[in-house]
Amino acid sequence: MKNSEIVKILEDIADLLELKGENVFKTRAYQKAARSIEFLGEDVEKLVKEERLREIPGVGEAIAKKLTELINTGHLAYYDRLRAEFPDGIGTLLEVPGIGPRTAFVIAKELKVTTLEELERAIEDGRVAELPRMGEKTAQNILQQIKAYRKKKSEQRIPLGSALPAADALLGALQGVPGLKNLTPAGSLRRFRDTIGDIDIVGTADDPEEVIQAFIRLPQVREVLEKGSTKASAIIFNGLQTDFRLLDHDSFGSALQYSTGSKQHNIDLRKRAERLGLSLSEYGITEVAAGKMEKFASEEAFYRRQGLDYIPPEIREGQREIELAEKGLLPRLIQLSDIKGDLHIHSSWSDGQEPIEELAIAARERGYEYIAITDHSVGLGIARGLNEERLRQQIKEIEDINRRLTGIHIFTGLEVDIKANGTLDMPDAVLAGLDVVLGAVHSSMGQNEDQMTRRIIQAIENPHVDIIAHPTCRILGEREAVAVNIEAVFAAARAHNKALEISAMPTRLDLKDTHIFRARELGVKLVINTDAHQRAQLDFMRFGIGTARRGWCEAKDVLNALPLEKVGEFWLK
DNA sequence: GCCGTTTTCGGCCCGACTGTTTTCAGTCG
């Protein structure tokens, strides 16, 4: 059983317990266990066999026993019993924003309503408004939320690369509002999660209420969901929900920290603070005994007051970051300035848009020491892939450019297609003449896990392949990752000393954060490439850096953080 | 249900907004 299936079951249990009105801390325990497993580098199945379940944070005696039953029998009696207590479909009520466990339970119990369609009818004929603590206004709000939910369901979370420009547009529109300062995207956007559910923006203001008014009047705002004196939520032009929060200037440090999350990180932080006699909020830190609040202009100062090193936003996910910050043992995460080159770039020789020399100059402008030109192989006809003859011509052109261009070195290369049977789309003798060879899957993506795993490992075993590009082939919001035993791929890459790519292309971000974390743990070499098809796309690098940081990557883990003199040793080995 | 530099039992993050209430429950992040 896959970890993701286990996570789903634990989350379901938490939902059902909520519906029952169980102790909220019990439901939270299941949620916490689910989240731990979601971020786990290893298979739960393996941990069951080795009797190491209790090492998972948030898994105690009871949940460990349930997981063991689930893995060994494929079923969980407790889960089945729980489900039997509620009509099927009541879970969908819970998914509507504004309907929590209390409301869902009352609606299902009193009105015998369990689907969105039935709920809509019950609202329209006035039955919902008559329930205790409900009213006509609440009922109508729920009706609105159902509509929004249906719409959102079809749009889902959107890729980071689409959300960031939308946030930039809002920030731009708010520039120049009098008395507004420190305007910053926060939330999952600032943590560089691969997809974004809503945009969080935080700022500080002389008069927050006035700025809130300015915000809800922006042309980019389509619909205002709620609005108070320090906070507003709205649906913006692209359908994304945006939460905007304002505080006093001198609370910016705590406000930004609070708004950045993650939720679990903040909970962990506040629990720890409580043990120190401190109470944290977006306004600052209160010494509980003295009842005195201190404010912080920067996040650094906010963390320091708690005896913690600064924790970068990308790793604020409720893992071990607080414990390590306390001991001064956080890694020094890789940053953009560590990157010395880009080893996956397409030119106009295949489906790129610009000639090699222009790409090289653009890379030099970004401070790089080298790039690799890695156009497609012939098998990708649609991308004007190169055959042997054109590849030879291209190599000659690169040699010419290298002779006359200073300050940047161009490596020859190829993004060679890994065919369905695992062989490569170019003879070994030709690959041997190249500096960098990327192997990549572009076809037959529906293969089963065994076939796909063997296919990729066969490419890793080819002595001329240096890097596997976008290893799981996912396209965010469009195409799921291929079925592949990623642990086996990591093991092969480690054994043959091959690098796995972190594709910085914002629609890919592949490997993803949790894979990166695991690969790095196993000592697999990583490389952050943009897969740029035009100059401007060299700037995608920041998405790759953010993703690598989420996987706790340091410069030493990353091939293209090596200077020109060193990087070539990797493929000459 | 989990967990432990004051605890193996008694706690479990903190505050904004809304709508329904006569002081607060429910929901969200």
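Following rounding to the nearest Å, A:Lys227 (NZ) and B:dT18 (P) show an atom-to-atom distance of 8 Å. As a whole-Å value, the separation of A:Ile56 CD1 from B:dG1 P is 17 Å. In this structure, A:Leu17 atom CG and B:dG1 atom P are separated by 8 Å, rounded to whole Å. Between the C1' atom of B:dT18 and the CD1 atom of A:Ile99 lies a distance of 15 Å, rounded to the nearest Å. Rounded to whole angstrom, the span from the CZ atom of A:Arg275 across to the C1' atom of B:dC12 amounts to 12 Å.
Between B:dG15 and B:dT21, the distance separating the two P atoms is 27 Å to the nearest Å. Nucleotides B:dT7 and B:dC2 have their C1' atoms positioned 14 Å apart, rounded to a whole Å. If you take atom P in B:dA25 and the same atom in B:dT20, they sit 16 Å apart, rounded to whole Å. Remark: the separation of the P atoms in B:dC3 and B:dC13 is 14 Å, to the nearest Å. A gap of 23 Å separates the P atoms of B:dT22 and B:dC17, to the nearest Å. Spacing of P atoms, B:dG4 relative to B:dT8, comes out at 13 Å, to the nearest Å. Here the separation of B:dC12 from B:dG19, taken at their P atoms, is 30 Å to the nearest Å.
Taking only side-chain nitrogens and oxygens, A:Thr138 comes nearer than 4.0 Å to OP1 or OP2 of B:dT20. The side chain of A:Asn141 places an N or O atom within less than 4.0 Å of a non-bridging phosphate oxygen (OP1 or OP2) of B:dG19.
As judged by a 4.0 angstrom heavy-atom cut-off over every strand, A:Tyr258 is placed among the base-contacting residues. Counting non-hydrogen atoms under 4.0 angstrom, A:Lys65 reaches nothing in the nucleic acid. Counting non-hydrogen atoms under 4.0 angstrom, A:Leu269 reaches nothing in the nucleic acid. Residue A:Thr230 is in sugar-phosphate contact alone, with no base atom involved, counting any heavy-atom pair closer than 4.0 Å across all strands shown. If you check every strand for non-hydrogen atoms under 4.0 Å, A:Arg102 touches sugar and phosphate atoms only. Backbone-only engagement by A:Ile63 is indicated by non-hydrogen atom pairs under 4.0 Å involving sugar-phosphate atoms exclusively. If you check every strand for non-hydrogen atoms under 4.0 Å, A:Gln264 touches nothing. Nucleic acid contact for A:Thr103: sugar-phosphate only, since backbone atoms but no base atoms lie under 4.0 Å from a heavy atom of the residue. Across all strands shown, A:Ser229 has heavy atoms under 4.0 Å from sugar-phosphate atoms exclusively, and none from any base. Counting non-hydrogen atoms under 4.0 angstrom, A:Lys32 reaches nothing in the nucleic acid.
The nucleotide B:dC3 finds its pairing partner in B:dG10, both defining distances of the Watson-Crick or G-U wobble pair being shorter than 3.5 Å.
With salt bridges taken as basic N to acidic carboxylate O contacts below 4.0 Å, one links A:Arg518 and A:Glu487. Ion pairing of A:Glu323 with A:Arg320 is present here, as a side-chain N (NZ or NE/NH1/NH2) and a carboxylate O approach within less than 4.0 Å.
Tested against A:Asp194, the residues A:Arg474, A:Arg550, A:Arg157, A:Arg508 include a single side-chain hydrogen bond (donor to acceptor under 3.5 Å, both in side chains) partner, A:Arg474.
Between A:Val59 and A:Glu282, the one whose closest nucleotide on DNA chain B sits nearer the 5' end is A:Val59. With the nearest nucleotide of DNA chain B identified for both A:Ala64 and A:Pro132, A:Ala64 has the one nearer the 5' end.
The cationic atom of A:Arg520 (NZ for Lys, CZ for Arg) lies less than 6.0 Å from the six-membered ring centre of A:Phe517 and within 45° of the ring axis. Cation-pi contact between A:Lys181 and A:Phe252: absent, since separation from the ring centre below 6.0 Å together with deviation from the ring axis within 45° is not met.
When the nucleotides B:dT27, B:dG29, B:dC12 are ranked by their closest atom to the side chain of A:Phe25, B:dC12 comes out on top.
A donor and an acceptor atom sit less than 3.5 Å apart, one in the side chain of A:Asn23 and one in the base of B:dG1. Contact of A:Lys263 with B:dG29 (side chain to base): a donor-acceptor pair of N or O atoms is detected under 3.5 Å.
Contact annotation: the side chain of A:Gln257 approaches that of A:Tyr303 to within less than 4.5 Å [non-hydrogen atoms, C-beta and beyond].
Distance alone, capped at 3.5 Å, places no donor-acceptor pair between the A:Asp513 side chain and the A:Arg193 backbone.
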